Amino acid sequence: MPDDPHPMPDPNRPDAQQPTVAKSRGTAWLLDARGRRFRRHPEAISFIVMHQAHEGALWRKLTLPDGSPLRLPLTITRAEFIAMLGDTPGSYQLNPLNQHGQQRGDPPQRIDLHNTVAIASPAADCSR
């Protein structure tokens, strides 16, 4: 049986050998393809952002005004992500990159921001 690509922490192994788990400060809101908490590759240092405007459209790399790819820190929270990109509805994919800009590890599940008003301000529904 092949090794599980997302092993659970083992209390009998030294910390240096433990799988890298997203810290609660940032990527705890991201899930992997199996619906479990996203675990980043040890060499990943940032995310590059891909955007799909609607179902069936091509995925496009989001870029800065100078043409360089938009990179987000691995510690980005859901609120920070929505504040930064919530005005552009669609689906997003965060691809983990190493220091050389090469993808390392599997990306978390895509993020759908089709109704950003409801996502960004859930407290608004409580005031009715």
Side-chain angles (χ1 to χ4, degrees):
M1 176 187 259
D3 290 339
D4 183 357
H6 304 287
M8 296 304 295
D10 181 350
N12 299 318
R13 289 177 20 197
D15 288 342
Q17 296 175 354
Q18 293 292 336
T20 304
V21 178
K23 303 296 183 211
S24 60
R25 150 78 176 94
T27 56
W29 60 281
L30 297 172
L31 302 175
D32 68 12
R34 295 181 181 172
R36 298 181 303 191
R37 189 170 165 188
F38 171 70
R39 295 169 187 253
R40 70 173 180 86
H41 188 279
E43 293 178 19
I45 63 167
S46 65
F47 289 118
I48 194 168
V49 184
M50 303 295 289
H51 178 251
Q52 183 183 41
H54 55 83
E55 191 70 34
L58 295 175
W59 285 91
R60 297 182 186 270
K61 188 182 308 179
L62 292 184
T63 58
L64 299 172
D66 67 0
S68 62
L70 174 62
R71 284 187 168 202
L72 300 177
L74 294 175
T75 57
I76 192 162
T77 64
R78 181 174 177 80
E80 292 167 338
F81 182 81
I82 291 171
M84 182 179 286
L85 300 167
D87 61 341
T88 308
S91 297
Y92 292 87
Q93 182 68 63
L94 302 178
N95 295 331
L97 302 178
N98 68 7
Q99 65 185 4
H100 304 293
Q102 300 166 328
Q103 185 168 333
R104 288 292 182 249
D106 293 327
Q109 287 182 358
R110 73 180 192 187
I111 303 158
D112 293 316
L113 295 182
H114 295 290
N115 184 3
T116 57
V117 175
I119 294 172
S121 57
D125 295 333
C126 298
S127 62
R128 293 182 192 176

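For reference, positions follow the sequence shown, starting with 1. These numbers come from a predicted model, not from an experiment.
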For residues 93-105, run the donor-acceptor check on the side chains, cut-off 3.5 Å, and write out each pair with its distance to 0.1 Å, sequence neighbours left out.
from: Q93; atom 1: NE2; to: P108; atom 2: O; distance (Å): 2.6
from: N98; atom 1: OD1; to: H100; atom 2: N; distance (Å): 2.9
from: N98; atom 1: OD1; to: G101; atom 2: N; distance (Å): 3.1
from: N98; atom 1: OD1; to: Q102; atom 2: N; distance (Å): 2.9
from: N98; atom 1: ND2; to: Q102; atom 2: OE1; distance (Å): 3.2
from: Q102; atom 1: OE1; to: R104; atom 2: NH2; distance (Å): 3.1
from: Q103; atom 1: NE2; to: G105; atom 2: O; distance (Å): 3.3
from: R104; atom 1: NE; to: E43; atom 2: OE1; distance (Å): 3.0

Closest approach of D106 and F38, non-hydrogen atoms and distance? O-CE1, 3.3 Å
What are the two closest heavy atoms between K61 and P69, and how far apart are they? CD-CB, 3.6 Å
Is [Y] reachable from [X] through a run of I, L, V, M, F, W or Y residues, each pair having side-chain heavy atoms under 4.5 Å apart?
| X | Y | answer |
| --- | --- | --- |
| L58 | L62 | no |
| L64 | I48 | no |
| I45 | L30 | no |

To the nearest 0.5 Å, what is the distance between [atom1] on [X] and [atom2] on [Y]?
| X | Y | atom1 | atom2 | value |
| --- | --- | --- | --- | --- |
| Y92 | M50 | OH | CE | 12.5 Å |
| L85 | L70 | CG | CG | 6.5 Å |
| D32 | R37 | CG | CZ | 11.5 Å |
| H41 | L74 | NE2 | CG | 12.0 Å |

With a 4.5 Å cut-off on side-chain heavy atoms, are S91 and W59 touching? yes
Just to verify, what does A57 make a side chain to side chain contact (heavy atoms under 4.5 Å, CB included) with, not counting sequence neighbours?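 For A57 the side chain to side chain contact (heavy atoms under 4.5 Å, CB included) partners, ignoring immediate neighbours, are Q52, H54.
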Counterpart residues, side chain to side chain contact (heavy atoms under 4.5 Å, CB included), relative to R60 (two or more places apart):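 Per chain and number, R60 pairs via side chain to side chain contact (heavy atoms under 4.5 Å, CB included) with no residue.
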If only atom types and distance count, is the side chain of W29 paired as donor or acceptor with the main-chain N or O of I76 below 3.5 Å?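 Yes; at least one donor-acceptor contact below 3.5 Å.
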